[in-house]
Each structure stands twice: as C-alpha cells, then as structure tokens.
Amino acid sequence: MPELPEVETIRRYLAPRLAGAIVRDVVVHDGRLRRPVPRGVRSDLPGQRIERVDRRGKYLLLSSAAGTAIVHLGMSGSLRLTEAGAPPATHDRIELLFAAGQSLRFNDPRRFGSWQWARRDPLDHPALRCLGPEPLDRGFDGRGLRRALRRRSSAVKLALLDQSLVAGVGNIYASEALFAAGVRPTARASSLSPARCDRLAVAIKQVLAAAIACGGTTLDDEGYASADGTPGRFQVELMVYGRAGEPCRRCGRAIRALRQGQRTTYFCPRCQR
DNA sequence: CCTATCTCCTGTAGGC
DNA sequence: TGCCTACAGGAGATAG
C-alpha cells in the first residue's frame, strides 16, 4: 500500500529517467479505475515532453506543457518502467509509450488507483487542493500539527490518516510514528499537549525519512516495488505494524492490535501512553 | 465545519 | 478439493 515513502521512492527513480522524455502514445488498456480515466490523459499527453516528476502527498505528478497527470496508486497500484514491446500483463491498466522506446506501465489489480488530469496548476485540482502540509517540509512542525489536531475530537491515529491535516501518512506510518512518539493511538487528537505534538511531528518526519532511505515498505501480501521492480527494505525496521502478539522491540511487551475506523492499528501498551 | 459509516475492487487466507 | 466469508485499505460520498 503505497504511502508517501513508497511514492517518493518511485518518484526518485522515475524523475531522472523521464524528465525530457517525449510521450509517443498513451494506451488505456482498461480505464475503469477508482474514477474513469479522463479524456485529457489520452488526448493531451501524446506528443508532450515530460518536464518534471513531482510528488504531493501520495500523488505522483507527471507534468508536461499541456497538463499534468495526477497518479494515485491506491493500495495495489504499481508503476514499472521497461523497454516497450512486452504484451500487457494481467491488471495493466495504462501504458505510456515514450519516443525513446521505454514503456511506463500502471498495473492495479484492485482498481483503487486513479489517473486524473489537470490542464493548469495541478495544485488547484480537487484531488490536491485540500491536502495538508508535506510532513517532510521545513514548515511542518509541532505547532502546526497541534493547530490541526486541537479541534479534532477523534483519536489521534484517525486524525493522522486525514490527508487534509498531513499529506502522505497512511496506515503503516501512522502506527509507526505514534510508536516513535510514545503516543497512544486512541488518545483524543485534541488532548495532545504542545510537547507531545512536537514529538509526534519529529517522529513523523523521522519515520518517513527512514522509510524513504530504505526504499519503502514491501509487505508479503502487497508486494510494493519501485518502478524497476526493486522491493523496499523498511519492513524489517517496523516496530509495531503487523506485529500483533510479537514482543515490542523496545520493551518486550506484546504488541497489540485494535480496530479504528475499519482499519487495524498496532501499538505497544507500555511504550505508548 | 466535523464525525461516523459505507462503498468501490480483487486476491488471498482461513474455516469447514 | 472447493465453497464461503473475512480481510486488506485510500479516499470519496453520504448522512447526521
């Protein structure tokens, strides 16, 4: 399930390889994604030069003079850059063919991903307009986080998943960041002291940066990989996610799992108060 | 504005 | 072996 570190890993691989590349053709093998693939992807992108590959939250942005493809990998989406020519694989949905002979394939078994299109500033696009701050930016700190959390009555874990408060944190890194900060995921967001918000903001930055340095997290059942097929290595660094019943790597107590808003949260009952 | 709940989708795992 | 159910989860829609 690609979150910020996985998308950033893909971006870092693709940016130097796609910058300047000319899109020869766009083939939509199956446009039934989370929302239908907009016409602009097909009609405007061919012939364009990719100027930049950017990331905003969990979105990857492929920018050209004609517009920007706004790509979300959902939970099962992947991108693979290869030499063109191979027949499409099962669940290949969209393929960009480049003039130099490469092919960028978007594969998504569960169709939770999306390809949107922005003719003008992509940051004004509805998908990106309401995103919160980039957690790895300088400007993201405990004060801003506290401002965002203080008027939320929900559990802090759920608040961290809200992309309008912080962009790019998903289920894995929310649990990991709360562990790193020593904060109980069930704590009311509004109850966190300034000091704990400072610690949480630092923890979010540290966990995301460490995961990027490892090339993301590849779980057994999801099989995330970067655009050249390389899996991530952060799964061996996880402190709590997916470790229910196993001993805490810091204190030895059994890691616990609970359900919050239809998804699983992991935490250490001793290290997180 | 905020919160809680449901929905989309498909591969996989577990129970029987 | 096969059928059934539950589960994984991001984000948008909806109701309150």
Side-chain angles (χ1 to χ4, degrees), chain A residues 1-8 10 28-38 55-61 70-79 88-94 106-118 122 125-132 134-135 146-178 185-192 208 211 216-225 232 235 238 240-245 257-266:
Chain A
M1 53 217 80
E3 305 179 24
L4 186 155
E6 289 74 32
V7 179
E8 178 63 17
I10 292 167
V28 179
H29 298 293
D30 185 343
R32 295 173 300 160
L33 300 180
R34 183 164 216 306
R35 37 190 0 126
V37 176
R55 181 190 56 73
R56 177 78 174 97
K58 302 174 192 173
Y59 290 89
L60 192 73
L61 312 181
I70 302 173
V71 179
H72 196 294
L73 299 177
M75 70 171 288
S76 62
S78 62
L79 288 164
T90 308
H91 307 316
D92 274 359
R93 310 298 183 189
I94 299 174
F106 173 74
N107 185 288
D108 186 11
R110 295 181 203 175
R111 305 176 186 276
F112 269 38
S114 63
W115 277 55
Q116 301 182 73
W117 182 252
H125 188 277
L128 306 186
R129 204 170 38 211
C130 296
L131 290 179
E134 284 291 325
R146 179 163 154 82
R147 259 199 309 280
L149 295 180
R150 75 184 313 172
R151 54 196 159 80
R152 290 296 179 118
S153 66
S154 66
V156 61
K157 157 71 165 19
L158 290 172
L160 289 183
L161 295 180
D162 186 333
Q163 301 298 298
S164 71
L165 301 188
V166 190
V169 177
N171 206 40
I172 296 175
Y173 299 110
S175 281
E176 292 296 314
L178 287 164
T186 49
R188 265 178 184 262
S190 57
S191 75
L192 292 206
L208 294 178
T217 300
T218 296
L219 299 173
D220 292 341
D221 59 336
E222 295 299 339
Y224 149 82
Q235 59 277 10
L238 294 173
V240 290
Y241 186 85
R243 301 191 64 243
L258 58 88
R259 297 287 288 178
Q260 288 181 293
Q262 330 281 94
R263 57 205 62 175
T264 309
T265 300
Y266 299 89

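First the proteins, then the strands, lettered A, B, ... as listed; each starts at 1. Excluded from the calculations below are hydrogen atoms, water molecules and symmetry mates; all remaining heavy atoms, backbone and side chain alike, are included.
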Please tell me if A:Arg34 has a side-chain N or O lying less than 4.0 Å from either OP1 or OP2 of C:dG12. no
Any sub-3.5 Å donor-acceptor pair from A:Gln116's side-chain atoms to A:Arg35's backbone N or O? no
Please determine whether a side-chain nitrogen or oxygen atom of A:Ser153 lies at a distance below 4.0 Å from atom OP1 or OP2 of B:dT3. yes
To the nearest angstrom, how far is A:Tyr173 atom OH from C:dG10 atom P? 12 Å
Grab the CZ-P distance between A:Arg188 and B:dT3 for me, whole Å please. 9 Å
Distance in angstrom units between A:Leu160 CG and C:dA11 P, rounded: 14 Å
Classify the side chain of A:Arg263 versus the base of C:dG10 as yes if they form a donor-acceptor pair under 3.5 Å and no if they do not. yes
Starting from C1' on C:dA11, measure out to CD on A:Gln262 and report it in whole angstrom. 13 Å
Give me, pair by pair, the N or O atoms of the protein and of nucleotides 13-16 of chain C that are less than 3.5 Å apart, along with how far apart they are.
none

Can you pull the salt bridge (Lys or Arg N to Asp or Glu O under 4.0 Å) pairs that have at least one residue in residues 149-161 of chain A, sequence neighbours excluded? A:Arg152-A:Asp162
Is any side-chain N or O of A:Arg111 closer than 4.0 Å to OP1 or OP2 of C:dA11? no
Residue-phosphate contact under 4.0 Å: A:His91 side-chain N/O, B:dC9 OP1/OP2: no
Separation of B:dC2 P from A:Arg152 CZ (nearest whole Å): 5 Å
Measure CG/A:Leu33 against P/B:dC9 and give the value in whole Å, please. 11 Å
How long is the line joining CG of A:Asp108 and C1' of C:dA11, in whole Å? 14 Å
Donor-acceptor pair, distance only, cut-off 3.5 Å: does the side chain of A:Asp30 make one with the backbone of A:Asp92? no
Which nucleotide sits closest to the side chain of A:Arg151: B:dT3, C:dA11, B:dC2? B:dC2
For the pair made of CE in A:Met75 and P in B:dT7, what is the distance, rounded to whole Å? 18 Å
Below the 4.0 Å mark, does C:dG10 have OP1 or OP2 next to a side-chain nitrogen or oxygen of A:His72? no
Value rounded to 0.5 Å, distance of CG in A:Leu258 from OG1 in A:Thr264: 8.5 Å
Only Watson-Crick and G-U wobble pairs, only distances under 3.5 Å, only runs of 3 or more: what stems does that leave for DNA chain B? B:2-16 with C:2-16
Quick check on DNA chain B: between A:Pro109 and A:Leu158, whose nearest nucleotide comes earlier from the 5' end? A:Leu158
Under 4.0 Å between a Lys/Arg side-chain N and an Asp/Glu carboxylate O for A:Arg55 and A:Glu134? yes
Kindly say if A:Arg110 contacts the phosphate of C:dA8, meaning a side-chain N or O under 4.0 Å from OP1 or OP2. no
Is a side-chain N or O of A:Glu176 found less than 3.5 angstrom from the main chain of A:Val240, in a donor-acceptor match? yes
Verify the distance criterion only: is there a donor paired with an acceptor across the side chains of A:Thr217 and A:Tyr173 at less than 3.5 Å? yes
Between the side chains of A:Arg93 and A:Asp108, is the shortest nitrogen-to-carboxylate-oxygen separation below 4.0 Å, so that they form an ion pair? no
Could you verify whether a donor N or O on one side chain and an acceptor N or O on the other, from A:Gln235 and A:Tyr224, lie under 3.5 Å apart? no
With respect to the phosphate group of C:dA8, does any side-chain polar atom (N or O) of A:Thr264 fall under 4.0 Å of OP1 or OP2? yes
Could you go through the side-chain contact (heavy atoms from CB on, under 4.5 Å) check for A:Leu192 and A:Arg146 one step at a time? CA-CA 7 Å; A:Leu192 292 206; A:Arg146 179 163 154 82; 5.7 Å; no
